[in-house]
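Single-structure report; data block below.
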Number of protein chains: 2
Amino acid sequence: MNTPRSRGTGLPALTRPDGTPVRVLVVDDDPDLAEVLSGALRYEGWEVRTAGDGASAVTEARELMPDAVVLDVMLPDTDGFAVLRTLHTVHPEVCVLFLTARDAVEDRIAGITAGGDDYVTKPFSLEEVIARLRGLLRRAGMARQLDEGPRLTVGDLVMDEEAREVTRGGELVELSPTEFELLRFLMRNPRRVLSKAQILDRVWSYDFGGQAHVVELYISYLRKKVDAGREPMIHTVRGAGYVIKPVTGR
Amino acid sequence: MNTPRSRGTGLPALTRPDGTPVRVLVVDDDPDLAEVLSGALRYEGWEVRTAGDGASAVTEARELMPDAVVLDVMLPDTDGFAVLRTLHTVHPEVCVLFLTARDAVEDRIAGITAGGDDYVTKPFSLEEVIARLRGLLRRAGMARQLDEGPRLTVGDLVMDEEAREVTRGGELVELSPTEFELLRFLMRNPRRVLSKAQILDRVWSYDFGGQAHVVELYISYLRKKVDAGREPMIHTVRGAGYVIKPVTGR
DNA sequence: GCAACTTCTGAGCAGCCTCTGAATGGGCGC
DNA sequence: GCGCCCATTCAGAGGCTGCTCAGAAGTTGC
């Protein structure tokens, strides 16, 4: 009860300095997407509210005083830039993660994100959004009390998220982007069996239409690189999914 | 917790002698530009306020007692020089960084800035503004506890910001202005993967409309000069961006 | 006003990454 | 022990990313 834990992951939750849950506001005019996002963020143990347009976003923000805002650039009433400015005048400390279409006018985004803010292009994977948000909050000084900082460790497997570097037993392991994200998801849930459906939902973009077969494929890629010639850390649970756990700890 | 760190970078933050964050006032009548600037400065771990005209600038300055002011020369009510004079009577210690159009009366600027202040011509890059501000504050005796002064080091790569000189393993490396600024940004964030979008935001002018392709190009220029025939320090992380790190450091 | 340099665009190319399909292997229920 | 089904792996197509070259346009300094 002392170290707060997020509901979903086995890791200590990322909380505010006073121990209360991180507060996030999700702003998107697509209710389905907002629902998926807020579900995933609640799973992280965070307090989430949603808004469908710029006006209610500002209202909600005033009331909730969120630590971070996930903000679609294209809104029915205004654009994200105006909302950002209002938010910052109301609450200068808030971090903003923008959601934008890949081919959207990137130069405008470029200006917006110049500060501590960040953006993700649609379609994104939930892991990516969560990772970016965690990065933003960490950099804003939110992570303080519990930090392993930006480093994930399972046994002798270490992932440095900022440097995007993975080592096993001190040896460098080179991973492709998807492999990296898959491993990150596994490592953020050590000793927990993750179903292929869960993995697909989290690691692949929400509009991915493919089969669960890709997960198997990428697990096999990971094994070749991470477990190669060593005591395996990635295990199959037949009919259920996959787990990662330290070799000794069993 | 002893050495204060800036929010964004892993570097020690530049703070006031008493350890509190540097305080900066941004004065520009373009709210978008003011927003981008203050975002970037907050990212450095500084305390920022903004003002849109000369009158509120003076009011804000009286209240905040900033260490530095970023001041647009063209303001709706007065010009920057009048503001400067008022500021100096209120608060003689303050440093001023002027923002000015390229073809503005440069001799007037030159006269004013003789007194230790500095100026940057629009359109500027955020890295440039930040570097100038750091320089001003350092020269005003703000740098105190930390570091290295005007020298950045990553492995055997050394950058002297004031002399605008770069050496690798003692050998001089000659760089064009853009190359220099790109390398500075990389070296201020060692071991951290920087996306092309991030790099564009920071190193190129805020009005640059071009593509991320230029970043690749300039990275290749840098490699030819910095890594030429040596163990490479600049690494590509496919799908993520670029990192600089010392060769030995793994 | 000329020369040297700097910056940026476009095109081509090489290699990597992702995903599909199919063949093979292995565990588990019956 | 048999057969089914789940899981693993291979091979290859296609797309995409990043690197480099060449050249045009703009800028600076003499």
Side-chain angles (χ1 to χ4, degrees), chain A residues 102-103 106-107 110 121 123-125 127-128 164 166 173-183 186 193-200 203-205 207-229 232 234-243, chain B residues 101-103 106 121-125 127-128 164 166 173-183 186 193-200 203-228 232 234-243:
Chain A
R102 178 168 302 275
D103 49 357
E106 296 224 8
D107 40 37
T121 57
F124 46 78
S125 73
E127 265 304 289
E128 196 176 346
R164 261 192 123 77
V166 175
V173 178
E174 301 205 14
L175 300 176
S176 81
T178 306
E179 289 161 4
F180 183 87
E181 213 138 285
L182 172 56
L183 183 59
L186 293 174
V193 179
L194 301 166
S195 73
K196 283 173 222 173
Q198 248 175 320
I199 293 174
L200 261 188
V203 176
W204 270 260
S205 321
D207 70 341
F208 178 71
Q211 302 299 319
H213 174 61
V214 270
V215 177
E216 298 164 7
L217 185 60
Y218 270 85
I219 287 284
S220 101
Y221 291 159
L222 267 191
R223 289 210 246 244
K224 252 185 256 175
K225 294 182 176 179
V226 172
D227 286 345
I234 301 171
H235 306 273
T236 305
V237 182
R238 205 145 224 276
Y242 300 94
V243 215
Chain B
R102 179 167 305 276
D103 49 358
E106 296 224 8
T121 58
K122 295 183 180 182
F124 46 78
S125 74
E127 267 302 291
E128 195 177 345
R164 270 193 113 75
V166 176
V173 178
E174 300 206 14
L175 300 176
S176 81
T178 306
E179 289 161 3
F180 182 86
E181 214 134 283
L182 171 56
L183 183 60
L186 292 174
V193 176
L194 302 167
S195 72
K196 283 174 221 174
Q198 251 174 316
I199 293 174
L200 263 187
V203 176
W204 270 260
S205 321
Y206 54 82
D207 70 342
F208 178 71
Q211 299 301 316
H213 175 61
V214 270
V215 177
E216 296 165 13
L217 187 62
Y218 270 85
I219 287 283
S220 101
Y221 291 159
L222 266 191
R223 289 211 246 243
K224 257 184 248 175
K225 294 182 175 179
V226 172
D227 285 344
I234 300 171
H235 305 271
T236 304
V237 183
R238 210 149 217 275
Y242 300 95
V243 216

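None of these values were measured; they are calculated from a predicted model. Quick note on labels: first sequence line is chain A, next is B, and so on, each numbered from 1.
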Worksheet item: How would you list, by chain and number, every residue that makes a side-chain contact (heavy atoms from CB on, under 4.5 Å) with A/Glu174, sequence neighbours excluded?
Response: A/Leu172
Worksheet item: What does nucleotides 13-22 of chain C look like as a protein-contact string, B for base, S for sugar-phosphate only, - for none, at under 4.0 angstrom between heavy atoms?
Response: --BSSBBBBB
Discussion item. Using the side-chain contact (heavy atoms from CB on, under 4.5 Å) criterion, which residues pair with B/Lys224? Sequence neighbours excluded.
Written reply: none
Worksheet item: Could you state the interatomic distance from CZ (B/Phe208) to CG (B/Leu200), rounded to the nearest 0.5 Å?
Response: 6.5 Å
Worksheet item: Under 4.5 Å between any side-chain heavy atoms of B/Arg223 and B/Thr236, yes or no?
Response: yes
Discussion item. Check the phosphate of D/dC6 against A/Tyr242, side-chain N and O only, distance under 4.0 Å to OP1 or OP2. Yes or no?
Written reply: no
Worksheet item: Roughly how many Å is it from CG in B/Leu182 to P in C/dT7, rounded to a whole number?
Response: 11 Å
Worksheet entry | Nearest-Å distance for atom pair CG/C1', residues A/Leu222 and D/dT8 | 14 Å
Fill in: B/Glu181 CD to C/dT7 C1', straight-line distance once rounded to whole Å
14 Å
Worksheet item: By salt bridge (charged side-chain N to carboxylate O under 4.0 Å, His left out), which residues pair with A/Glu127, not counting sequence neighbours?
Response: A/Arg188, A/Arg202
Discussion item. So for the helix from C/dG1-D/dC30 to C/dC30-D/dG1, with five pairs setting each end axis, what is the inter-axis angle to 10°?
Written reply: 40°
Discussion item. When you measure from the side-chain N and O atoms of A/Ser220 to the phosphate of D/dT8, is any distance below 4.0 Å, counting only OP1 and OP2?
Written reply: no
Worksheet entry | Atom-to-atom span, CD1 of A/Ile234 to P of D/dT9 - whole angstrom | 11 Å
Worksheet entry | Whole-Å distance separating the CD atom of B/Glu216 from the P atom of D/dT20 | 10 Å
Discussion item. Measure CG/A/Asp227 against P/D/dT9 and give the value in whole Å, please.
Written reply: 11 Å
Worksheet item: Is the closest side-chain heavy-atom distance between A/Val215 and A/Val203 below 4.5 Å?
Response: no
Worksheet entry | Short side-chain N/O contact from B/Thr236 to OP1 or OP2 of D/dT17, under 4.0 Å | no
Discussion item. For the CD atom of B/Glu181 and the CG atom of B/Leu186, what is their distance to the nearest 0.5 Å?
Written reply: 11.5 Å
Practice prompt. Give, for atom OG of A/Ser220 and atom CG of A/Asp227, the distance between the pair rounded to the nearest 0.5 Å.
Written response: 11.5 Å
Response to the item:
Rounded to whole Å, the CD1-C1' distance (A/Ile199 to D/dA7) equals 13 Å
Practice prompt. Look at B/Lys196 and D/dG18 and indicate whether a side-chain polar atom (N or O) is within less than 4.0 Å of OP1 or OP2.
Written response: yes
Discussion item. Going by the rule ring-ring contact (aromatic ring centres under 6.0 Å, His included), which residues pair with A/Tyr218 if we only count those two or more places apart in sequence or in a different chain?
Written reply: A/Trp204, A/Tyr221
Worksheet entry | Between C/dT9 (P) and B/Leu200 (CG): distance, integer Å | 10 Å
